[in-house]
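Presented below is the structure to which this report refers.
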Amino acid sequence: MSNASTSTSTTLENAVGKLNLNVKDKPIDLPVWVPPPTTKENIEWADILTVDLTKFDTHRQELVDTVQTALERDGFFYVVGHGISPEKINRQFAIGEIAFDQVPQEEKEKHVAPIKEKGTFMGYKLQNYWEIKDGVRDRIEQYNFYQNCIDPVTSHPKALQPHVEEVKEFLETSRQKVLKRVTYLIDAVLGLEEGYLWRLHETEEGVKGHDLFRYMIFDPLTSAESEKTNGVMLSGHTDFNSISCLISQPITALQVLMPDNVWRYVKHQENAYVINIGDQLSFMSGGILKGTMHRVVRPPADQVSLRRLGLYHFAHFIDGVPLDLVDSKKVKEKGRVLFEGKIPTTDEWERSRVKSFGVDKFIKGEEYDIEILNGIQLRHYH
């Protein structure tokens with residue numbers, strides 16, 4: 001953390017030991033989440049560009065140019081200046097700890113997501129569900145909320161029930177302060193009228209895509225497991241959705257495959273979002289925007305024994321939209337048609353990928369395995 005951030009956290013902890021914010025006029029006390037220290041190892045970092053949203057109204061073209069370079073090169077960029085306070089983000093990390101540390105295993109098992117059955121992550125994905133490589137199973141646990149879920153608060157684990165409304169409010173804040181403005185910048189990159197992509201995420205009538213908000217924690221691999229997987233904790237993949245917005249955290253483990261075919265680490269930026277493009281937007285841009293290939297690997301030596309807690313906002317287009325080229329002269333001239341025959345819709349593609357990821361048998365390769373879905377070859381890197 002920066003000295004300023006450390007000072008702020010220390011002051012709060014010394015004063016009350018807890019963050020106390022109002023959510024719908026009902027204050028809920030939470031312990032301050034204390035992030036682990038950043039690595040001091042010599043790391044080869046990815047060259048990821050930064051978009052400062054405080055310039056959104058004054059230097060729009062500068063931001064558009066940055067986003068264009070990032071998305072046509074490697075599909076990743078940071079977002080800062082988004083207006084979401086460090087305190088609100090800290091509370092979400094604290095709630096994430098509740099999801100994993102204060103819910104008994106027996107209760108978690110009652111809330112397991114019907115991943116294979118229905119192609120949805122709603123609820124828990126417990127450890128050992130996915131295969132990483134050669135029989136080694138994952139050590140990843142998730143708890144997932146969906147934007148449009150109308151389930152009662154009581155359908156969530158008891159320890160999380162007091163925080164459900166706050167989580168949904170945070171997701172909506174993320175949509176408005178980060179996602180919406182990012183879509184406007186990408187509109188300009190693709191030569192679309194402003195608001196085109198946002199209307200595919202939320203119509204003027206208020207119909208929204210099924211955005212997913214996820215808490216995810218990685219427990220360390222054993223040395224024997226790491227040796228078998230070459231340190232990989234989550235296989236290299238592209239995301240299934242439109243735009244992914246993860247909140248930067250200090251454990252160095254996320255890698256992106258750069259244009260020179262080298263995996264490099266994503267460096268932590270305090271209070272930043274890390275944005276990447278998923279399959280759906282990549283397809284609809286005709287491949288102009290790169291669906292980002294990324295993976296999670298064993299952290300460096302000074303962090304290798306630490307658990308890695310993450311916050312993720314996976315944005316989704318509204319259901320029923322064919323993954324055809326967007327209505328853009330640039331896309332139609334420079335992009336390419338990716339599907340032959342029937343074009344899947346946004347929700348069909350999402351369900352198919354959720355069902356198959358990490359459990360289906362793919363075409364084995366030395367560097368990556370291949371999954372074929374709707375005629376598209378998807379790579380899963382070891």
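The chain is numbered in sequence order, starting from 1.
- The side-chain tip of Arg91 does not point at the ring of Phe93 from less than 6.0 angstrom away and within 45° of straight on.
- Side-chain contact between Leu126 and Gln105 is present, with heavy atoms from C-beta onward closer than 4.5 Å.
- Between the side chain of Lys330 and the backbone N or O of Leu192, no donor-acceptor pair lies under 3.5 Å.
- Asp239 and His294 form a side-chain donor-acceptor contact under 3.5 Å, judged by distance and modelled atom types alone.
- Donor-acceptor pairing under 3.5 Å is lacking for the side chains of Thr183 and His201.
- Minimum interatomic distance between Ser282 and Gly291 (heavy atoms only, all atoms of both residues): OG-N, 3.3 Å.
- Using a distance-only test at 3.5 Å, with no hydrogens or angles considered, a donor-acceptor pair links the side chain of Asn144 to the main chain of Phe121.
- The closest side-chain heavy-atom distance from Ile247 to Ile84 is not below 4.5 Å.
- Of the N and O atoms on the side chains of His210 and Asp319, at least one donor lies less than 3.5 Å from an acceptor on the other residue.
- For Gln61, the CD atom is densely surrounded, since the number of other residues' heavy atoms within 6.0 Å is greater than 12.
- For His313 and Phe170, the distance between ring centers is not under 6.0 angstrom.
- Atom CD of Gln249 sits about 11.0 Å away from atom CD of Glu270, to the nearest 0.5 Å.
- Contact between Thr54 and Asp52 at its shortest, heavy atoms only, is OG1-OD1, 2.7 Å.
- Between the side chains of His111 and Tyr143, no donor-acceptor pair of N or O atoms lies under 3.5 Å.
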Salt bridge (charged side-chain N to carboxylate O under 4.0 Å, His left out) evaluation trace for Asp360 with Lys116: CA-CA 10 Å; Asp360 278 6; Lys116 187 68 173 176; 2.8 Å; yes

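- Taking CZ from Phe145 and CE from Met122, the interatomic distance works out to 6.5 Å, rounded to the nearest 0.5 Å.
- Gln161 contributes a side-chain N or O that, together with a main-chain N or O of His156, makes up a donor-acceptor pair within less than 3.5 Å.
- At a threshold of 4.5 Å between side-chain heavy atoms, the hydrophobic network of Ile, Leu, Val, Met, Phe, Trp and Tyr places Val256 and Ile275 in two separate groups.
- Other residues, nucleotides and ligands contribute over 12 non-hydrogen atoms within 6.0 Å of the NZ atom of Lys342.
- Other residues, nucleotides and ligands contribute at most 12 non-hydrogen atoms within 6.0 Å of the CD atom of Glu227.
- Judged by distance alone, the side chains of Thr38 and His268 never bring a donor and an acceptor atom under 3.5 Å apart.
- Interatomic distance, Ile277 CD1 to Leu71 CG, rounded to the nearest 0.5 Å: 4.5 Å.
- Under the 6.0 Å distance and 45° angle rule, Arg295 does not count as a cation-pi partner of Tyr381.
- Listed for the Thr229 side chain is no donor-acceptor partner under 3.5 Å among the backbone atoms of Lys133.
- You'll find the side chain of Leu246 stays beyond 4.5 Å of the side chain of Tyr273, heavy atoms only.
- Counting non-hydrogen atoms of other residues, nucleotides and ligands closer than 6.0 Å to NZ of Lys228 gives a total of 12 or fewer.
- A donor-acceptor contact shorter than 3.5 Å is absent between the side chain of Asp211 and the backbone of Gln147.
- Side-chain N or O atoms of Tyr196 include one that pairs as donor or acceptor with a backbone N or O of Asp327 at under 3.5 Å.
- Residues Leu197 and Tyr184 have side chains not in contact (no heavy-atom distance under 4.5 Å, counting atoms from C-beta outward).
- In summary, the aromatic rings of Phe283 and Phe339 are positioned with their centroids under 6.0 Å apart.
- Not one N or O on the side chain of Asp74 forms a donor-acceptor pair closer than 3.5 Å with the backbone of Pro259.
- Using a 4.5 Å heavy-atom cutoff, the side chains of Arg308 and Gln303 are not in contact.
- To the nearest 0.5 Å, atom OG of residue Ser174 and atom CD of residue Gln92 are 10.0 Å apart.
- A centroid separation of 6.0 Å or more is found between the aromatic rings of Phe76 and Tyr78.
- Looking at heavy atoms from C-beta onward, Pro220 lies out of side-chain contact with Val304 at the 4.5 angstrom threshold.
- Inter-residue side-chain proximity for Tyr368 and Phe362 is flagged as unmet; no heavy-atom pair is nearer than 4.5 Å.
- For Lys208 (side chain) and Glu202 (main-chain N/O), no donor-acceptor pair under 3.5 Å exists by modelled atom type.
- When the shell of 6.0 Å around CD of Glu117 is examined, it contains more than 12 heavy atoms from other residues, nucleotides or ligands.
- Looking only at atom types and distance, the side chain of Ser244 has no donor-acceptor partner in the side chain of Arg214 under 3.5 Å away.
- Aromatic ring centroids of Phe357 and His380 lie under 6.0 Å apart.
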